[in-house]
Amino acid sequence: QNVAGMAGNYRVNWQVDPILRPNTPVTGTVVPLNAGARRNVTIPVAAHGLGNGNIKFTLVAPDGDTLEREVAVGIRSPYLPERQTILGRILPQAQVTIGADLVKLLRPETVTGLLNVSTTPAWDVPGLLKQLDLYPYGCLEQVLSRAFPLLYVAQLNQRFGYQTATPVTERLAEAMTRLLEKQQASGGFSLWNSYGDEEPWLSVYALDFLLNAKNQGVEVPELLWDRGVEWLKQQVVYPETQNKQTMAVQAYALYVLTRIGDAPIETARYLWDQNANNWPSSLAAAQLGAALANMGDTERAANAFKVALNLARTDNLTDYGSKLRDLAGLIVLFSEANQPGQAELIDSLLNELHDRQYLSTQEQAWLVHAATVITEVPAPLMLQLQGVVLPAVQAARASAPAQSLSGVRLLAATPCPPHVFAAPANYRKHIGELGDRGVTKKGRSAREQGFFLKAPASVVGAGGAIHDSNCDF
């Protein structure tokens, strides 16, 4: 548009990155513009891959003055990113081969791989973090589910060595800005902007994130926090006994408020007493249980956690949840309140996770959160990748002090070995008893014959005893 320039012919030239280069050699055009006139110019481009490309424009005015601008153009697949995952156990001395069939339906130029081997449960934390890193959309739930795991990246980086594509501080600052754009005057949040319909459950989720961020020293805008906390308090003024969606919001709100130190204990008790057998989901029951535990009501808290272990989700509950998300949330809450049943929850989650081809952002975020409470202290692990011992193990082996063999005792690789080999001390007498069925025709013993027996899953040193106290033989 010619706002204040002279009338005449303006030349528009452009340079296009190879990823956007069209099949035509045209790289410019002349546009006649009168004063105040406006013209649209079509730039021919073609996608030659996935990624980001740039178009550099140069505008030459009739008097020779030039103006340059650069525009970034993103090229995306018409499909959402897909994650293929194999979960399984590798037994001692076993080998596993991962074949090309795992990625045969994916675009080769976009494929990246992560191998995670751990002595803790099969939780693909690096894969979850990378998937959230790549997620392109930005509604309230997606902004929060991408930002929440960033609070644990430093902790998980020590465990898994994962680095985000963008610095964590930059990502968190961006999340705060987006939350401000979506917060209403009441303190609650809308899905896309500040004037849409209020999202009660997601609003509590936002305050949960902000509280965790504040506790970790992240700068939270004062207006964002103060308005949110006042909104949160209003949600628990009148305890709900009929509407299950509101009950879920109030249980979550009480859990957050108890950690702020400003929750009405009478509301939490009334909610539990009136709805003990009518909770909308296991997560809501556990959140109320955690709130009661935080307020010191251990009896009601224990009952709430027991109910949560066997509670199915209410149909049409709009808390962006699923059975998998709720199980991950239960692991976090049971761990915080030091409640029994965590091992069973982990097994249930792994079974639920095993056959899933797609995970929502809500599921991914809570799985990362759950990983922080079950992967803190890894057990020792020696691993060979394509026949080479991992560098960390090699370094440890090179720097470890030498030990006298006589002072070393070999321990079993598994607590309950599946194989036990034994050679009876009176083997020579057995030769005579067996007669023609003897091990050798000449009647020599196993010691003389030089047999070598190896049980890779049950290691014991010379003269060592085999204890089966952990086994049911």
Side-chain angles (χ1 to χ4, degrees), residues 1-5 10-31 33 37-61 64-83 106-114 126-150 153 162-182 190-194 196 219 221 361 364-365:
Q1 182 176 2
N2 188 356
V3 177
Y10 287 78
R11 180 164 186 82
V12 182
N13 299 319
W14 55 83
Q15 293 179 332
V16 183
D17 283 352
I19 196 172
L20 290 169
R21 189 159 294 161
N23 297 323
T24 172
V26 176
T27 58
T29 186
V30 176
V31 181
L33 280 178
R38 179 188 181 111
R39 290 281 301 274
N40 292 326
V41 177
T42 300
I43 309 299
V45 294
H48 295 283
L50 301 180
N52 294 320
N54 291 315
I55 304 176
K56 183 178 180 179
F57 294 95
T58 303
L59 177 67
V60 183
D65 286 345
T66 62
L67 178 68
E68 293 186 348
R69 291 288 186 271
E70 192 166 323
V71 177
V73 179
I75 305 174
R76 303 289 182 264
S77 168
Y79 307 102
L80 288 172
E82 184 173 338
R83 180 168 63 103
L106 304 180
R107 294 184 65 93
E109 71 272 21
T110 67
V111 173
T112 59
L114 289 170
L128 294 171
L129 290 169
K130 187 171 182 64
Q131 191 78 358
L132 288 168
D133 243 1
L134 295 172
Y135 206 79
Y137 304 117
C139 77
L140 177 62
E141 191 280 325
Q142 292 152 357
V143 168
L144 289 167
S145 291
R146 289 190 69 197
F148 226 136
L150 297 176
V153 163
Y162 181 82
Q163 296 286 348
T164 58
T166 305
V168 170
T169 53
E170 184 178 329
R171 288 271 303 277
L172 287 172
E174 179 188 357
M176 297 300 172
T177 300
R178 294 200 175 195
L179 289 178
L180 274 170
E181 294 171 351
K182 302 177 194 305
S190 182
L191 201 59
W192 293 101
N193 46 54
S194 62
E219 185 176 353
T361 49
Q364 293 173 50

Partner set under side chain to side chain contact (heavy atoms under 4.5 Å, CB included) for [X], not counting sequence neighbours:
| X | value |
| --- | --- |
| A37 | L33, N34 |
| L59 | Y10, V12, L67 |
| T177 | E181 |
| V60 | R11, N13, T58, T66 |

message = E170: which residues meet the salt bridge (charged side-chain N to carboxylate O under 4.0 Å, His left out) condition with it, sequence neighbours left out?
response = none
Check whether any side-chain heavy atom of [X] lies under 4.5 Å from a side-chain heavy atom of [Y], and answer yes or no.
| X | Y | answer |
| --- | --- | --- |
| I19 | I75 | yes |
| L150 | V153 | yes |
| P221 | L180 | yes |
| N52 | N54 | no |

request  = Can you sort out the partners of E219 under side-chain hydrogen bond (donor to acceptor under 3.5 Å, both in side chains), two or more places apart, ordered by chain and number?
outcome  = none
Point-to-point distance, once rounded to the nearest 0.5 Å, from [atom1] of [X] to [atom2] of [Y]:
| X | Y | atom1 | atom2 | value |
| --- | --- | --- | --- | --- |
| L179 | S194 | CG | OG | 12.5 Å |
| W14 | K56 | CH2 | NZ | 15.5 Å |
| R39 | T29 | CZ | OG1 | 8.0 Å |

Which atom pair, heavy atoms only, marks the closest approach of [X] to [Y]?
| X | Y | value |
| --- | --- | --- |
| A365 | S145 | CB-O, 3.5 Å |
| V143 | R178 | CG2-CD, 3.8 Å |
| K182 | W192 | NZ-O, 3.2 Å |
| P44 | P22 | O-CG, 3.1 Å |

query = Under 3.5 Å, side chain of D17 to main-chain N/O of L20, donor-acceptor pair present?
reply = no
message = Between T361 and E141, do the side chains contain a donor N or O and an acceptor N or O under 3.5 Å apart?
response = yes
